[in-house]
Number of protein chains: 2
Amino acid sequence: MNATMHDVARVAGVSIKTVSNVINDYPHVRSATRDRVLTAIKELGYQPNLSARGLRSGKTGVIGLAIPSVREAYFAELADSIIRAAEKRGLGVVVDQTNQVRQHELDVVAGRRLRLTDGIVFSPVTIDESDAALLNVPFPLVILGESIFGGPTDHVTMHNVSSAKAAVEHLLSLGRRRIAVIGADDDEEANAFGSATLRVRGYHQALQAAGIPADPALVRPAGLWHHDTGAAATRSLIASGIPFDGLFALNDSLAIGALRALGEAGVRVPGDVAVIGFDNIDGTKYSIPSLSSVDPGREEIAEIAVEMLVERIGEKGERMPPRRIKPDFRIVGRESTGFPYVADVTDTDGIDESAAVPATA
Amino acid sequence: MNATMHDVARVAGVSIKTVSNVINDYPHVRSATRDRVLTAIKELGYQPNLSARGLRSGKTGVIGLAIPSVREAYFAELADSIIRAAEKRGLGVVVDQTNQVRQHELDVVAGRRLRLTDGIVFSPVTIDESDAALLNVPFPLVILGESIFGGPTDHVTMHNVSSAKAAVEHLLSLGRRRIAVIGADDDEEANAFGSATLRVRGYHQALQAAGIPADPALVRPAGLWHHDTGAAATRSLIASGIPFDGLFALNDSLAIGALRALGEAGVRVPGDVAVIGFDNIDGTKYSIPSLSSVDPGREEIAEIAVEMLVERIGEKGERMPPRRIKPDFRIVGRESTGFPYVADVTDTDGIDESAAVPATA
DNA sequence: GTGAAAGCGCTAACAT
DNA sequence: ATGTTAGCGCTTTCAC
């Protein structure tokens with residue numbers, strides 16, 4: 001079986017306490033003693049038992065990430081960023097997929113999932129303002145993606161309204177006047193603080209500011225935000241015969257589906273219809289045409305979320321007031337709104353050479 | 001603080017053992033007693049401490065998944081499938097990204113990562129036959145994605161050679177004779193049992209069977225298998241002036257990048273060049289044109305991998321001989337090889353209505 | 001600077 | 001059918 005601290009202590013000829021001191025970098029250990037312990041550790045292939053450490057210390061070194069699905073490009077990229085941010089701090093990440101199911105999301109905030117974790121980063125879909133009370137949880141929790149007004153927890157959210165407004169203004173700046181939206185909520189019951197509602201609000205604000213009357217027929221629901229629903233919503237829009245010269249997809253998956261549907265119908269992009277999405281996922285650079293998008297600052301969101309969670313987990317975490325942070329966003333212009341294509345070098349370092357459009361924040 | 005079993009026992013007026021019996025569904029408990037305990041549990045909001053249970057039982061209820069990156073579409077979908085399969089069995093999944101770094105992969109098999117887990121599902125890139133000895137690990141391990149000959153662990157692999165052969169035969173059946181490959185290994189030092197080597201072997205087998213001489217100039221390396229590298233390799237291929245009428249991309253991300261490069265160059269797909277990828281990721285249905293691909297049976301791979309791991313973790317897992325399983329594959333024909341586009345309904349149930357081409361296995 | 005010993009919350013052998 | 005108790009491997013207080 002695996003070696004324990006006792007084994008190490010015996011081999012090194014010291015007590016278990018000394019072994020513990022060495023492992024935890026306790027300063028007051030004579031270096032000769034330390035060396036003997038380290039040698040014994042290597043010799044035995046000793047590795048601390050994390051369950052025991054967790055039991056004793058109350059910490060596991062693992063955080064939870066609850067998202068709708070890793071399969072969706074935006075969340076895959078978010079998970080990647082969260083995992084990297086956690087790893088920098090020596091933390092593991094266990095991923096829980098809620099599939100946008102409310103009961104599942106309720107289980108997350110009730111602590112009925114992700115139980116071997118020190119805290120949770122949670123990107124909810126069905127939890128909204130009316131659930132603020134539920135968020136008063138006895139474990140460290142950071143909410144992502146939308147702001148629950150008055151909620152008791154830390155939030156890292158995005159400028160949903162103003163960035164959507166900027167996206168639409170980008171289309172307006174190209175002279176487009178009949179701008180459609182796909183991905184709106186299906187019904188009035190929808191989460192009033194959900195991304196869809198907020199982004200549609202930004203859309204309306206942009207139109208209003210430009211003095212363009214809103215046409216409800218241009219605002220289309222799409223169910224889940226996938227390629228297929230985006231394509232279906234766009235086909236329905238085209239079939240309706242309502243003219244439009246701009247299209248704002250509430251996320252990039254929808255937009256890529258829309259490009260497909262527009263292409264099938266012989267609608268030229270951006271000639272006939274200029275298209276912009278939201279999230280700036282990797283795939284935006286390789287669609288045909290490449291897709292303009294809103295970059296919500298995913299990397300920064302992940303970094304801040306993990307940092308906040310780590311602070312909460314720490315000593316004084318209990319006593320901090322809830323914080324709310326919104327990273328900056330930017331509009332990224334690509335071919336679908338008339339910008340030239342930029343082939344990027346393998347951007348392992350995350351450098352994005354696409355055109356950045358000055359954005360009103 | 002959180003309630004413990006002792007608290008529950010006190011409130012229910014029983015001993016801690018009885019509480020444990022109730023929680024673990026031990027059969028010999030009077031139902032009246034059970035009810036009292038359950039009431040106390042609910043009243044106190046008791047939740048078992050998993051660190052303690054893990055320390056005692058030696059199990060954590062969490063498995064590890066080590067993959068190159070969740071951000072790559074294929075691995076995002078694989079992670080989704082693994083997480084679902086694990087959840088069915090009440091297991092959590094902690095995700096570790098190796099980024100294809102050898103040291104990181106060595107750390108995985110050395111058990112230096114993912115330590116709070118009962119076992120690991122590992123999709124290696126740099127580990128190959130010469131490392132077989134390293135796989136003699138003291139914890140349950142299931143290897144994905146390629147077969148290490150003579151390795152001591154369970155493998156769930158794919159028919160890399162024969163499915164690649166089938167993909168190329170698909171192109172040949174369309175009358176294509178000059179078929180290029182992108183994504184081959186850069187050098188001779190490459191992992192001889194890696195997916196690239198095996199798939200290129202299948203390519204050569206198909207050509208040979210058809211009596212077509214191989215042209216080394218048509219086999220192009222691409223570095224990492226991404227959109228951008230696929231586009232770059234294809235641009236280089238086009239610029240070389242070597243004629244080709246078929247393109248086999250060793251995975252779908254490369255293929256999508258290739259479609260982009262072909263489109264830029266005015267090469268029609270499938271008119272001038274028929275294209276097929278590998279993995280059958282979600283994005284294949286929404287590229288323009290939609291992308292034919294090899295479906296390696298990802299769902300089944302995930303399901304089997306988790307099932308195998310669970311068996312290894314269990315009682316008699318130690319004594320089982322290593323197993324090797326290859327799920328069936330199939331060729332999925334889409335527009336990029338001349339099949340009609342099939343708009344699928346929101347396939348939440350995973351039903352794929354694309355044309356399935358009979359494949360030689 | 002190092003050792004001895006208590007105890008984190010749970011499971012399971014043993015006792016009743 | 002239920003209670004008592006040892007101990008999983010670690011951290012940490014308190015002696016020395």
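We name chains A, B, ... by the order of the sequence lines, and we start the count at 1 in each one. Keep in mind that this is a model prediction, so the values were computed, not measured. In what follows, every heavy atom counts, from backbone to side chain, and hydrogens, waters and symmetry copies are set aside.
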Should the pair Glu87(A)-Arg113(B) be classified as a salt bridge under the 4.0 Å nitrogen-to-oxygen rule? yes
Could you point out which residue of Val142(A), Val109(A), Leu65(A) forms a side-chain contact (heavy atoms from CB on, under 4.5 Å) with Phe122(A)? Val109(A)
Atom OG1 of Thr60(A) and atom CG of Leu55(A): how far apart are they, to the nearest 0.5 Å? 12.0 Å
Distance, rounded to the nearest Å, where Leu55(A) contributes CG and dC8(C) contributes P: 9 Å
Please confirm whether the shortest side-chain N or O distance from Thr18(A) to OP1 or OP2 of dG1(C) is below 4.0 Å. no
I'd like to know if Lys88(A) and Glu307(A) make a salt bridge, using a cut-off of under 4.0 Å between side-chain N and carboxylate O. no
What residues, two or more places apart in sequence or in another chain, satisfy side-chain contact (heavy atoms from CB on, under 4.5 Å) together with Thr153(A)? Leu135(A), Leu141(A), Ile143(A), His155(A)
Does dG3(C) have OP1 or OP2 sitting under 4.0 Å from an N or O in the side chain of Ser15(A)? yes
Nearest whole angstrom, please: distance from the C1' of dC8(D) to the NE2 of His6(A). 11 Å
Have a look at Ser51(A) and say if it touches a base, only the backbone sugar-phosphate, or nothing, with a 4.0 Å heavy-atom cut-off. nothing
Given protein heavy atoms under 4.0 Å, the one-letter contact record of nucleotides 11-16 of chain D, with B base, S sugar-phosphate only and - none, is simply BBB---
Rounded (10°) bend between the five-pair end axes of the helix from dG1(C)-dC16(D) to dT16(C)-dA1(D): 30°
Step by step, would you call Lys59(A) with Asp118(A) a salt bridge (charged side-chain N to carboxylate O under 4.0 Å, His left out)? CA-CA 6 Å; Lys59(A) 304 262 176 299; Asp118(A) 296 336; 6.0 Å; no
Salt-bridge criterion met for Glu303(B) and Arg84(B) (N-O under 4.0 Å): no
Could you check whether Arg102(B) pairs with Asp131(B) (Lys NZ or Arg NE/NH1/NH2 to Asp/Glu carboxylate O, under 4.0 Å)? yes
In whole angstroms, the gap separating C1' of dC8(C) from CG of Asn49(A) amounts to 13 Å
Whole-Å gap separating C1' (dA12(C)) and OH (Tyr26(B)): 9 Å
Thinking salt bridges, do Arg323(A) and Glu311(A) make one under a 4.0 Å N-O criterion? yes
Without decimals, in angstroms, what is the distance between Lys59(B) NZ and dT11(C) P? 14 Å
